[in-house]
Amino acid sequence: MSTGTSTPSSSKTPILTSDTDIEQLLSREASAFQRELEVERILKAFKLNPYDILDIDESSKPEGIKRRYRQLSLFIHPDKTPHARAPDAFDLLKKAESELSDTAKREALDATIAEARLQLIRSHGFSTSTQDDDPKLRGLVPPFKVQLRAKVKDLLIEEEVRRRKAIKMNLANEGLEARKKEEEVATRKRKAEDDKTWEESRETRVDSWRSFNNTTKKKKKTKVQILG
């Protein structure tokens with residue numbers, strides 16, 4: 001029997017009754033917001049520079065890189081982050097960590113960064129021995145690190161363009177070689193078919209020659225009889 005008093009549904013959001021509850025809710029919302037911001041940062045990072053994706057210094061040790069990767073991958077893991085592109089950001093982190101764990105790839109990247117630094121310092125007319133903490137570099141506007149990042153980006157883009165052109169050229173050469181091989185196969189096939197046809201018609205040619213030869217002999221014999 002109904003008493004006329006409605007019982008609150010258990011599916012409704014619980015009423016926050018203390019400052020602790022409110023603080024916990026705000027903390028969860030802030031954490032979720034920070035996760036989404038980090039996903040956006042990773043997605044906007046320069047894809048050719050794994051240091052940018054992991055947001056870590058180039059001088060970091062291998063263990064520091066692995067620690068940073070674990071930290072970020074857990075923080076923006078798709079199971080914990082509602083961002084639609086969290087899986088993409090997660091994959092970018094994994095790729096960046098993999099590239100920096102590859103000694104050859106990291107050395108090549110570090111060499112490009114070193115070249116960018118030399119070019120940038122020379123462009124300002126400074127000695128190539130100038131250190132990062134030199135007051136001359138500290139006084140640059142935009143800051144030296146910002147300029148260096150832009151220069152590294154330019155060089156990495158140039159390298160990527162060259163790499164893609166080389167791949168395209170190799171593919172074109174491979175295609176040309178493939179076409180040559182196809183033409184050679186087709187030529188051999190046509191020759192084999194011509195040889196087969198020639199061989200199969202040999203008897204016919206022989207018979208034709210014999211018939212022609214016999215006819216010629218008869219004509220000569222008849223002509224000789226008439227002259228006699």
Side-chain angles (χ1 to χ4, degrees), residues 33-78 81 83-175:
F33 180 65
Q34 289 298 326
R35 292 176 197 274
E36 296 206 5
L37 284 181
E38 184 61 20
V39 169
E40 289 293 337
R41 183 199 68 76
I42 293 169
L43 293 174
K44 291 177 181 177
F46 182 48
K47 303 300 183 294
L48 298 178
N49 191 343
Y51 289 119
D52 280 359
I53 295 173
L54 289 171
D55 193 24
I56 196 170
D57 192 79
E58 293 86 353
S59 61
S60 299
K61 301 293 183 181
E63 57 271 19
I65 292 172
K66 291 185 180 298
R67 184 167 54 251
R68 178 62 172 168
Y69 164 70
R70 287 195 298 270
Q71 178 187 31
L72 289 179
S73 61
L74 287 173
F75 187 62
I76 60 99
H77 196 282
T81 309
H83 196 293
R85 296 194 62 194
D88 296 333
F90 186 82
D91 289 342
L92 286 172
L93 285 178
K94 187 175 182 180
K95 183 174 183 290
E97 190 272 337
S98 176
E99 289 182 354
L100 291 181
S101 297
D102 186 310
T103 303
K105 288 184 178 180
R106 186 177 182 184
E107 287 178 351
L109 175 61
D110 289 346
T112 299
I113 293 173
E115 176 62 24
R117 186 180 185 280
L118 284 176
Q119 290 186 19
L120 185 59
I121 287 178
R122 286 169 179 163
S123 70
H124 287 292
F126 302 147
S127 169
T128 55
S129 62
T130 304
Q131 300 299 311
D132 289 347
D133 59 355
D134 191 293
K136 291 180 290 187
L137 295 186
R138 288 182 176 181
L140 293 176
V141 178
F144 180 72
K145 283 193 173 183
V146 174
Q147 294 186 40
L148 179 58
R149 177 171 293 186
K151 189 65 177 177
V152 169
K153 184 176 182 179
D154 289 342
L155 293 188
L156 288 175
I157 289 175
E158 289 176 6
E159 289 180 359
E160 180 65 10
V161 170
R162 286 196 297 270
R163 186 185 72 83
R164 293 187 181 186
K165 283 183 177 179
I167 291 175
K168 188 175 181 180
M169 185 175 295
N170 287 337
L171 289 175
N173 290 336
E174 288 174 3

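For R67 and E63, the salt-bridge test fails: no basic side-chain N is under 4.0 Å from an acidic carboxylate O.
Considering CD1 of I65 and CG of D57, their distance stands at 10.0 Å, rounded to 0.5 Å. Atom-to-atom distance recorded for L93:CG and L74:CG is 10.5 Å, nearest 0.5 angstrom. Rounding to the nearest 0.5 Å gives a distance of 11.0 Å between CZ of R117 and CD of E58. Between the CD1 atom in I113 and the CG atom in L155 there is a gap of 10.0 Å [rounded to 0.5 Å]. Note that the NZ atom of K145 and the CZ atom of R138 stand 10.5 Å from one another [nearest 0.5 Å].
Here side chain to side chain donor-acceptor pair (under 3.5 Å) pairs that include residues 86-99, with residues two or more places apart or in two chains, are K66-E97, R85-D88, K95-E99, E97-S101.
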May I have the step-by-step check of side chain to side chain contact (heavy atoms under 4.5 Å, CB included) for F90 and I42, ending in yes or no?
CA-CA 9 Å; F90 186 82; I42 293 169; over 6 Å; no
Go through the steps to decide whether F144 and K136 satisfy the test side chain to side chain contact (heavy atoms under 4.5 Å, CB included), and finish with yes or no.
CA-CA 10 Å; F144 180 72; K136 291 180 290 187; over 6 Å; no
Check the pair L109 / L100 against side chain to side chain contact (heavy atoms under 4.5 Å, CB included), numbers first and verdict last.
CA-CA 9 Å; L109 175 61; L100 291 181; 4.0 Å; yes
Tell me, with the steps shown, if H124 and Q147 meet side chain to side chain contact (heavy atoms under 4.5 Å, CB included).
CA-CA 11 Å; H124 287 292; Q147 294 186 40; 2.8 Å; yes
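At least one side-chain heavy atom of L72 sits under 4.5 Å from a side-chain heavy atom of R41. Residues F126 and L120 form no side-chain contact, since every pair of their non-hydrogen atoms from C-beta on lies 4.5 Å or further apart. Put simply, the side chain of E158 reaches to within 4.5 Å of the side chain of R162, judged on heavy atoms.
Taking all atoms of both residues into account, the shortest heavy-atom contact from Q119 to K151 is OE1-CE, 3.1 Å. When every heavy atom of I56 is checked against every heavy atom of S60, the shortest pair comes out as CG1-OG, 3.0 Å. Of all heavy-atom pairs between I53 and L92, the closest is CG2-O, 3.8 Å. Of all heavy-atom pairs between L137 and D132, the closest is CD1-CA, 3.8 Å. Here the closest heavy-atom approach between residue A116 and residue V152 is recorded as CB-CG2, 3.6 Å.
The side chain to side chain contact (heavy atoms under 4.5 Å, CB included) check on T81 picks up R35, E36, V39, I76, H83, A86, with sequence neighbours excluded.
Side-chain polar atoms of Q71 and R68 form a donor-acceptor pair below 3.5 angstrom. Side chain to side chain, Q34 and E38 fail the donor-acceptor criterion of an N or O pair below 3.5 Å.
Other residues, nucleotides and ligands contribute at most 12 non-hydrogen atoms within 6.0 Å of the CZ atom of R149. Counting heavy atoms of neighbouring residues, nucleotides and ligands inside a 6.0 Å radius, atom NZ of K153 does not exceed 12 of them.
Formation of a donor-acceptor pair under 3.5 Å by the K105 side chain with backbone atoms of T103 is not found in this model.
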